[in-house]
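Each remark here refers to the structure printed beneath this line.
Per chain, numbering begins at 1; letters A, B, ... match sequence-line order.
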Amino acid sequence: MDYSHSEIEKKWQEHWRDIKLANCDVSLEKNNFYNLCMYPYPSGDLHMGHIRNYTIGDVITRYKQKQGFNVLSPMGWDSFGLPAENAAIKTGIHPKKFTEDRINNMRDQIQRLGSLYDWDKEVAAHDKNYYKWTQYLFIQLFNNDLAYKEDAPVNWCTSCNTVLANEQVIEGDCERCDSEVIKKNLNQWFLKISNYSEELLNGLDEIGDWPENVKSMQENWIGKSSGVQFNLKIDETELDFDVFTTRPDTLFGMTFAVISPEHDLMNEILSISSNSKEIKKYIDKAKSKSEFERMSITKEKTGVDTGLKVLNPINNKKVPLWVADYVLINYGTGAIMAVPGHDERDYEFAKKYNLEIVQVIIDKDHSIDIKEKPYIENGVLINSGDYDGLKSHTDGSESILKYLSDHNLGEKKVTYRLRDWLISRQRYWGCPIPLINCSKCGLVPESIQNLPVLLPEIDDYKNSEDSPLAKSEDFVTTECPNCGSEGKRETDTMDTFVDSSWYFLRYLDSQNEKSPFDQKIINSWLPIDQYIGGVEHAILHLLYSRFFVKALRDINLLNVDEPFHNLFSQGMINFGGSKMSKSKGNVVDPEAYFTTHGADALRLYILFMAPPSDGVEWNDGGIEGTKRFLNKFWDNMTKFSNLENNKTNDEDSLVRSMNQTIFSVTRHLEKFEFNTGVSDLMKANNEISSYLNKNTTVSKETKELVFSSMCNLLYPFSPHISSEIYDLYMNKDISTLDWPTYEESNLTNPTYELVVQINGKKKFTKVINTGTSQENAEEICKSEFNLNVSDFKKVIFVEDKIINFIG
RNA sequence: GCCCGGGUGGCGGAAUUGGUAGACGCGACGGACUUAAAAUCCGUUAUUCGAAAGGAUGUGGGGGUUCGAGUCCCCCCCCGGGCACCA
């Protein structure tokens, strides 16, 4: 029989609201647990990814509540961003109205899932009471030299008409719209995340429980590399430049040097090079190439000889200096020593342009042939003067480094791939950057009492090169807060990742009108005990937020090193082989399942279908199974409540089964193994079915045990039905019960099936008493299977498991 | 190329420290109930040989350690994700 889920779910959701089950008093200082699901972009409709995220989060919330924690579980909206603006361009609906309609719709849907959120603390990035403080924090960063404006070659999406962060360029294309990204020189705002490269990297070792893959993605992204930086002088000039290498041991193998076309020294080189016409042409060509073309590996390397020579600092050998765009301006020093004998890229280049190739490392068996391909492994130095015979990777490197540093030519150096975070966006629907260009004082932050700098009303959201905000004369023209003379406002808005880098701080004090947050509360509640969200945010959001918190710590706004202690990344839910998205038309709408199967069944299925960290293909059939389980559970409990009060012989095993289920579900919950937790409950339900098939009575104690354990254990997964059943038959609100505990003595079955092996192969099984000794087991094997210990060389006995006769 | 994951029935997936591989669910098949169907209930379901009893094979492939390997070690293949002309 189908139980009436719609009615029940509505009833309990109202009840939880009435008793304020989700409301958290953050002023308490004991037993706090901050459980956070990533706040969503308000796309308007909940998709299966959200359902998965918020179900996992709610399991944790309810489980931790039952363990006596004061759980904070807030929800809010990442509500700035492109879609609202694109919709405004298309339909004329104001982005604010558009966004808020969608938020309202989505909030309703989230509530139908039955998850507990403290809505009193709700935040929305686009709310002026929120972005006021985003601006405030930005000004603090600016005042502490952590925000700066600079001309820089930036990634420009030709379709979105805006700048993108490096992180938002995927294989040369825009992360959002897949259009081509080109390079452009623009004056842009940056946050100095690179100041924190080392700390962001080291923090990964000290952080709590994070998925390995996320840590490794962040490590890759930060891209630490240790080596040596040294100076190269251009022969017969006063010019010199630095190069960075991780292989100082190959210094004698340098047969040319390469400088990036964008290098600062290029103007001087052009003025003295005999080949300046060619170089100029080459530079212009490199500039016009897209980022992707430049980066493409398949592309053949190109370059131009400058005609100039540089001096190898260790032996004064003169080698040619080339310009080539395979050397990137924003890594290392933008120039390299080229060692074609021991570097693949230099090798390719040298082959193409017929440059000298010298071998300076030889392997143990002297078997390598540098004429075929470069040798990039370690070995022993040759052709390296006094250094011949040294091991390349240890003594060789160190000795050559010592020479360079002793002669003040170079030093040990660490470089990072991570670059500063570009946050300017030439878009309307974002947080305005609260800076003013004063004709006298230069760049000046808006005064704090004038915040927020409100988004102006404009008629036309379309942007060309300039941000749409530039269209509002009233907005742009203002007074300098310093000297009162005429100033012009910045017209760019911030990357929405700035909004999401601190929302979890605002939750704790979302109504505060005097400051972004209360430092005391933050320090007692952070780091967040459990953060849960999609693996797609492994780098961007998580790295930015970590940086933000460290920066705020250093300017004394809080005292926390890492925002997220434990992180859980759920896998993505796919449909028809690819990620669900509206544009692909492969969205499975959760809304329908609320009606047909109910929130409880949907929650249960999404937990049951796979380990939550795995990506998974959506499959309709499975949800029938979980609904079937809930129906059966309902029926079983109804029947069970009607059993007469009289103890039976089957009860002991039922009691054991309950204890085992408590033990197992608890263990699985602790390890985020929800799929197996659900299967434990299904198993237990089957036990109850078979008890009901055989018995018509049960003792009062066992009846109560079955109700309290089953409803309690099911409660985090499917809270409505478990609340209803417990209320119906035990007259109590299950949410008020503590998490159940098991009795150690009731976990073990009195008998087990002994596996009898001969030479490691299973031959027989026999049910015997738990705890049977080897001696007795051998006796049993003799009488049952005619196995005599004396006929075998050896007998291996593992208590309560196997006996193995070897002969 | 480098760095992380992962590979188990028709399918999703289970298997503390090495100890009965395939829990739980889906699907399929058979039966009960029904005029019939749906729903529900009961049973079967890794492959293969066999009428059966029973045997053999089996966790991507190949070696190894062990009384015993899905689990540990070495080599290889494939899939997913991240990074990638990073010097």
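Sequence order on RNA chain B of the closest nucleotides to A/Thr333 and A/Arg417 puts A/Arg417 first from the 5' end. For the pair A/Asp614 and A/Thr245, nearest-nucleotide mapping onto RNA chain B gives the more 5' position to A/Asp614.
Backbone-only contact: A/Pro611 has heavy atoms under 4.0 Å from sugar-phosphate atoms and none from a base. Among the atoms of the strands shown, only primed sugar atoms or phosphate atoms (P, OP1, OP2) are found under 4.0 Å from some heavy atom of A/Asn686. Within the 4.0 angstrom heavy-atom criterion, only backbone atoms of the sugar-phosphate kind lie near A/Lys761; the bases stay farther away. Within the 4.0 angstrom heavy-atom criterion, base atoms lie near A/Gln757. Counting non-hydrogen atoms under 4.0 angstrom, A/Lys683 reaches the backbone sugars and phosphates but no base. Residue contacts shown for A/Gly625 are limited to sugar-phosphate atoms, with no base heavy atom under 4.0 Å away. No engagement by A/Asn685 is indicated, since no non-hydrogen atom pair under 4.0 Å with the nucleic acid exists. Residue-level contact check: A/Asn619 touches neither bases nor backbone, having no heavy atom under 4.0 Å from any strand. At the heavy-atom level, A/Glu753 lies under 4.0 Å from base atoms of the strands shown.
The aromatic rings of A/Trp322 and A/Phe349 lie perpendicular to each other, with more than 60° between the two planes, well past the 30° mark.
In this structure, A/Arg628 reaches the B/C26 phosphate: one of its side-chain N or O atoms is under 4.0 Å from OP1 or OP2.
A/Asn804 and A/Lys794 are not linked by any side-chain donor-acceptor pair at a separation below 3.5 angstrom, with hydrogens and angles left out of the test. For A/Thr751 and A/Asn769, the side-chain atoms include no donor-acceptor pair closer than 3.5 Å. Side chains of A/Tyr326 and A/Asp346: a donor on one and an acceptor on the other come within 3.5 Å.
Taking every side-chain heavy atom of A/Tyr326 into account, B/C85 is the closest of B/A15, B/C3, B/C85. Taking every side-chain heavy atom of A/Asn220 into account, B/C83 is the closest of B/G19, B/U20, B/C83.
On the P atoms, B/G70 is 26 Å away from B/A53, given to the nearest whole Å. On the P atoms, B/G68 is 15 Å away from B/G18, given to the nearest whole Å. The C1' atoms of B/C83 and B/C67 are separated by 46 Å, rounded to the nearest whole Å. Of the P atoms belonging to B/C85 and B/G62, the separation is 39 Å, rounded to the nearest Å.
Base orientation of B/G27: anti (glycosidic angle beyond 90° from 0).
Taking the six-membered ring for Trp, A/Phe717 and A/Phe608 have ring centres at least 6.0 Å apart.
For B/C67, the base has a donor-acceptor partner in the side chain of A/Asn804 [N/O atoms by modelled type, under 3.5 angstrom]. At a cut-off of 3.5 angstrom, counting only N and O atoms as typed in the model, there is a donor on one side and an acceptor on the other between the side-chain of A/Arg667 and the base of B/U16. The base of B/U20 does not come close enough to the side chain of A/Lys766 for any donor and acceptor atom to sit less than 3.5 Å apart.
The interatomic distance linking A/Ile623 (CD1) with B/G25 (P) rounds to 17 Å, in whole Å. In this structure, A/Lys627 atom NZ and B/C26 atom P are separated by 14 Å, rounded to whole Å. Rounded to whole angstrom, the span from the CD1 atom of A/Ile806 across to the P atom of B/G68 amounts to 8 Å.
Note that CD1 of A/Ile606 and OH of A/Tyr593 are 10.0 Å apart. Values are rounded to the nearest 0.5 Å.
Partner assigned to B/G27 is B/U45, using Watson-Crick or G-U wobble distances below 3.5 angstrom. The partner of B/C2, taking Watson-Crick or G-U wobble pairs whose two distances both stay under 3.5 Å, is B/G82.
A salt bridge links A/Lys224 to A/Glu198: at least one charged side-chain nitrogen sits closer than 4.0 Å to a carboxylate oxygen.
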